Structure formats: C-alpha cells, structure tokens
Amino acid sequence: MSSGEAVRTDFIRDIIDEHNRTGRFGGRVHTRFPPEPNGYLHIGHAKSICLNFGIAQQYGGQCNLRFDDTNPTKEDVEYVDSIMEDVRWLGFQWDGLYYASDYFEQLYQWAVQLIKAGLAYVCDQTPEEVRRSRGTLTAPGQESPYRNRTVAENLDLFERMRAGEFADGSRTLRARIDMGASNLNLRDPVLYRILKAEHHRTGNKWCIYPMYDYAHGQSDSLERITHSICTLEFENHRPLYDWFIEALGIYAPQQIEFARLNLTYTVMSKRRLLSLVQEGHVSGWDDPRMPTIAGLRRRGYTPEGLRQFCAVIGVTKFNSLTEVELLEHCLRDDLNKRSPRVMAVLNPLRVVITNYPEGQVEQLEFINNPEDPSAGSRQVPFSRVLYIEQDDFREQAPKKFFRLTPGGEVRLRWAYYLKCNEVVKDEAGNIVELRCTYDPASRGGWTPDGRKVKATIHWVSAEHAVAAEVRLYDRLFTKEDMNDLAEGEDWRTHLNPRSLTVTRAYVEPSLAEATPGGVPFQFERQGYFQLDPKDSRPGQPVFNRTVTLKDSWAKIEKKEQGD
RNA sequence: UGGCCCUUGGUGUAACGGUAGCACGAUUGACUCUGGAUCAAUUAGUCUAGGUUCAAAUCCUAGAGGGCCAGCCA
C-alpha cells in the first residue's frame, strides 16, 4: 500500500486491538478473503479485500485467499481465475491459497464425530417437509421423525449417502440442536445434502456436499484464522458458527460482521449482475459500465483510486448507501496526478483558418502535465484546417458562455488566438464549418498587446488527426437507490438507456502509439480516458472514458436554463 | 407477528462520559493558457421520550425508523 493511503481505525480494528491487549490470539492476526467462485468480484468485494488484506498488513499478520466452493452447481474455474487476477490487480498478495473443497474429507470425518456424539442425524424428510416443520418467525418448528435414530443407523446411512446409494435431495445430514430456537439457523440446520454434480476441483469424488454454515467456520479453524470478517447478513449465523466449533472442540476464530457496500445508481448483487450479463444488457462481466473489478479496470479505474475509496468510506455496521461521486472523486484525485494531457475532439467541427498559409505545418510545444513538471513536453502539429469541439462554438451565445462565437476570440490551447468570421451551413441549416482568422503574433498563446481572451479551447490539426472511437459512459441505472424498489417493480426498468454513447473522434497524432494498459490520459477539458484493452487496434484506437472532469460550465448552463 | 443488529449535516464517517470534527456534495470567492487542478470561505448534524451523572452522541429503559432471518444458496 502506498504511503498516501491513510490507515483508518474502525470498530473491527478496535476489536483486534482489544484481542491483542488481552492476548486472546497471542498477538496473532490472520484474516482471509473467502469468495464463492460463482461470479466476478465487484467493488463491494474490493471493500472486503482492502479490509482483510489491509488488516493483515497493518498488524504484520497474514491473509489467505480461500474459495468457498461448496456448491458445484454454481461454481466454475472461470470465476476462480478472474478472482485471483482481480485480487492481484488491486495490489494484494495472499499468504495461503485454499479451497473449502480441500477440506471435504476432514469435514466428513468431523460430521462422523458429531453423529457419534449424538449431535447430528440423517433426515429423510423431503425439502417440502423440512420447510413445513421448520416453523415460522414466531412459531417454533417440529422435530423431524428421524431425529432420534441410533448412532449406528446414522453412521450407516451417512456412509451410504457418501457412497452414492441415494437420490439427490432424498436425505440430508442435520445438526441436532433445537427446533424451538428463536434463531432459525439453529433449528436443526442441514450440514450435508446429496448433489450428484461434478465439482470444478474434486470432479466426481463426492456426491454429498457440505453447506456453507458447516464448512466456513471449520475452514477458518483449520487455517487458524483469528478474525473471520464477513458481511452483516451472516450475523444470525454466528451462533451456529460458534456451535460447530464448540461441538467439535476445535480452535475458535472470532467472526465479525460489517455492512456491505452499496453505491448509488448501480446494483451490487451477484444475481443482478449475472442477469445483466446473461440478458445482454451489458457486453459481459467486464463491460466498463459494470461495478465489477474487471469492468472498472477496463474502464480505466486504478487500483490506487479504488483502494483510496475503500479507505475513505470506512467500515461500520450501518447499512449505508455511498454516493458514487465519492468514488469519482477518489479516481480523479489519483488520475489527475499521473495522466498526461492530450488533445481529443469528441464531436468535431471543422475550422478553416483563412489567413494561415496553405500547406504550412508548425510544430508547437505542449506541456504534458502541469501537475507534474517531470512529465516534460511534446510537439504537436498545427495547420490551416483544424477540428474543434462542436460545443465550443455557439452562434447564439447564451449568458455566461465565453467560448467561440461569431466575431468572438478564443485561445487555441498552446497555439494561437482565433477569431470566428463566418459560419458555413448546409441546406438543412446545420453548421458544417467555421471560417476563422488567427493572430500570428499570438504564437504560443500570448499576444504582445496583452489582450485577454476568456476561454481556451482544445483542437486537433485535421490533416494530422487520428480517427478514434470514443466510448462515453454514464451511470448504468437512473435510480439512485436500487435497493429501494416498489413492490413487484422490476429493477431492469431503471436501466439507463443512455449509459453508453459512442462518438467518432479525432485525437492528436501522439495517441496513435498508445497501448492498452499504459498510462491513463486526460483529454483536456473532457475527462480521463484509457485505451480499451479488448477492442482497440493499432491505428484504430478505441478509448473508454473513465470519468469526466468536473464541468462547471455544465452546471452554469443547467442553472441558467432553470431560471 | 418473534429473534438479532443498526440510527451523528444531503451523503460517507470521527469523537471510547468532558470543546460535535473530517471528507464528498452544494454555494460563494481567489487564482489559472483546461469553465480542469489548486486555495479560501459558507452551508448543514447527534431519531424521539424518559432516566443515570457535576457532565450523555456516548451508559440504561421505552418508542419510532431501517436491515437481516422461515434455501437441501453463500
């Protein structure tokens, strides 16, 4: 972690400090990040990753990466690979790499131990019967008629479950706890179910698979995890987590729960993200509009920016909704320092400088990054025909608009003063060209008479420009809180139809040599852009807009129109 | 309806019985060859009601509001 990222304290670190004071774990700190490989990681996982790996770093401890792969019907190696890539890209390296499936045999032996202790039994109830006998939030459940089978019978049945003698769903192994418990997780939870499915790592070795509750705590225990940090929805599971550890008489980690990240204008549930991909609302898990790590990476987000964001949002038990503006702030803050400034005209308007000699080309010096003098400068060609941004010219200038207007003068960035003399239109009345004059004495952007212009606009030389595709992204959804939907309302109805805009842009010649994965660029006055790693081709660059620059003109214009 | 958890400006958080602070956002101004960046200022808060205490955002009780739980998902 770089030095700029402050280590904050939070209630979890407070608990760890307390444990260190009392010596509960002998001063040891060992966390783990335990994703299920059933989807791509998203920015909510980044919060968890930064928390778990960050704590390990801060306390001189360790952090494991463990795949919680106990449900073969939903998991896949594609996800395993993407998860490892994402964790590394975020800047973390795990100490131990494990899979819950590594522990299947041990978990089985522990189940036998529970059966022998009279704490688990094989149940023949159908899923429907189990549901009916579980009771409700207010009423206790009824005990299963199979609850009092003998140890010998349970042992025999459980062994035959493993041997594949029974059909999927026909039997389960259940813990013998309390059907009247107010915490429903304690009403004889299922430990093992029969699932004749091929597992991405163990193949067909097993046809019974442990449930999350039965596998997770014991996996933590085996890895000598000290602090098992998870999200709030597992709070009700902690008594069960502790029950297994206690019943088995094994090493006891401490589970601690925190609130997951929610962001405005996006969805974070794996189910919804999967739907977006499968239903084609986005191009894939790494679509730059997705809140996935892969999507954010492709869009141009940096690990530093993401880590800073995770540091700034903090960790609490309060179910919050973080404004996406905070994320964007963290990104701009990082990008601003490191991005070379370049010229790109997104919506080109042709400008002919009538008093500039035909065929003449000048090389003008551009500062690469005013924030970073060591970034140096470069040469950019200037000639008689340029492209400027359509938005930078208004035939009828609104109030407070001080870019180019008929008869008005602006500065071309690092070049000359430019005055508009004539507007050329097509039959339909569209502006197709501006005929302008420049002031030869203003070379470099200053005039000897010291007269001022109110605006500086960007441009590219038409003859030298490189055509590029530029993809502009907006929020994926138009609704701020996607967890706050009306009864029966389909979340898809809030998809933003304008979340992607593609433009045919002209960029300065130096960008022809840009390579994917290289430095991010700031297109002056527009935003930060990164080459698309999938669709960009040499000579045919495709740029993704990572985030816009703050645009105070847009704000003024909106306000003026509102008045 | 039962259990568990949560509640500090618009948003995210800090304050560990003793001055309610920071960041984002918003607004205003300064500066500027990016209407960018930077800098400065302003804005705005302890869910309610009781109680304990010299003193409560903090402890207690009740209420209100929110979250999670009735998968052989995690």
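Every chain is numbered from 1, with letters handed out A, B, ... down the list of sequences. Note that the structure is predicted; figures quoted are calculated from it, not measured.
A heavy atom lying under 4.0 Å from RNA chain B marks the following residues of residues 211-220 of chain A, by number: Met211(A), Tyr212(A).
One interatomic measurement links the two molecules: CG of Asp391(A) to C1' of U34(B), which rounds to 15 Å at whole-angstrom precision. In this entry the distance linking CZ of Phe523(A) with P of A37(B) reads 18 Å, nearest Å. Residue Leu195(A) contributes atom CG, which lies 7 Å from atom P of C73(B) at whole-angstrom precision. The interatomic distance linking Asp372(A) (CG) with A37(B) (C1') rounds to 13 Å, in whole Å. Atom-to-atom, CG of Leu321(A) to C1' of G66(B) comes out at 13 Å; the value is rounded to the nearest Å.
As judged by a 4.0 angstrom heavy-atom cut-off over every strand, Arg341(A) is placed among the base-contacting residues. Residue Phe234(A) is in base contact, counting any heavy-atom pair closer than 4.0 Å across all strands shown. Residue contacts for Thr70(A): at a heavy-atom cut-off of 4.0 Å it reaches the sugar-phosphate backbone alone, with no base atom in range. Using a 4.0 Å heavy-atom criterion, one finds that Asp68(A) contacts the sugar-phosphate atoms exclusively. When heavy atoms are screened at a 4.0 angstrom cut-off, Gln522(A) is found touching base atoms of the nucleic acid. Counting any heavy atom pair closer than 4.0 Å across all strands shown, Arg238(A) reaches no nucleic acid atom. Contact annotation for Thr316(A): backbone-only contact, meaning every heavy-atom pair under 4.0 Å involves sugar-phosphate atoms and none involves a base.
Under the 4.0 Å criterion applied to side-chain N and carboxylate O atoms, Glu328(A) and Lys550(A) are not assigned as salt-bridge partners. Using a 4.0 Å cut-off between charged nitrogen and carboxylate oxygen, Asp439(A) and Arg451(A) count as a salt-bridge pair. Taking 4.0 Å as the cut-off between side-chain N and carboxylate O, Arg475(A) and Glu325(A) count as a salt-bridged pair. Using a cutoff of 4.0 Å between basic side-chain nitrogens and carboxylate oxygens, Arg338(A) and Glu371(A) are not scored as salt-bridged.
A donor and an acceptor atom sit less than 3.5 Å apart, one in the side chain of Arg403(A) and one in the base of G35(B). In this model, a side-chain donor or acceptor of Asp14(A) finds a partner on the base of C16(B) within 3.5 Å. Judged by distance alone, with hydrogens and angles left aside, Glu371(A) brings a side-chain donor or acceptor within reach of the base of G36(B), the pair sitting under 3.5 Å. With hydrogens and angles ignored, a donor-acceptor pair closer than 3.5 Å exists between the side chain of Asn236(A) and the base of C68(B).
Proximity of the aromatic rings of Tyr438(A) and Tyr416(A) is defined here by a centroid distance below 6.0 angstrom, and this criterion is met. The ring of Tyr214(A) has its center closer than 6.0 angstrom to the ring center of Phe244(A).
Taking CD1 from Ile16(A) and CD1 from Ile256(A), the interatomic distance works out to 6.0 Å, rounded to the nearest 0.5 Å.
Remark: Arg134(A) is in phosphate contact with G71(B), judged by side-chain N or O atoms under 4.0 Å from OP1 or OP2. Contact between the side-chain N/O atoms of Thr322(A) and the OP1/OP2 oxygens of U11(B) is not found at any separation under 4.0 Å. Contact check, Lys337(A) against A37(B): no side-chain N or O comes under 4.0 Å of OP1 or OP2.
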For Watson-Crick and G-U wobble pairs within 3.5 Å on both distances, what is RNA chain B written in dot-bracket notation, | included for inter-strand pairing?
.((((((..((((....[..))))((((((.......))))))...(((((..]....))))))))))).....
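Across C31(B) and A26(B), the matching P atoms stand 22 Å from one another, rounded to whole Å.
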Would you give me the side-chain donor-acceptor pairs under 3.5 Å for residues 137-145 of chain A, sequence neighbours excluded?
| unit_1 | atom_1 | unit_2 | atom_2 | d |
| --- | --- | --- | --- | --- |
| Thr138(A) | OG1 | Thr136(A) | OG1 | 3.3 |
| Glu143(A) | OE2 | Arg147(A) | NH1 | 3.3 |
| Ser144(A) | OG | Tyr146(A) | N | 3.1 |

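The glycosidic torsion of G45(B) lies more than 90° away from 0, placing the base in the anti range.
For Tyr506(A), the OH atom sits in a loose shell: 12 or fewer heavy atoms of surrounding residues, nucleotides or ligands are nearer than 6.0 Å.
No cation-pi contact links Arg66(A) to Tyr98(A), judged by a cut-off of 6.0 Å to the six-membered ring centre and 45° from its axis.
Residues Arg525(A) and Asn319(A) each lie close to RNA chain B; by heavy-atom proximity, the contact nearer the 5' end of the strand is made by Arg525(A).
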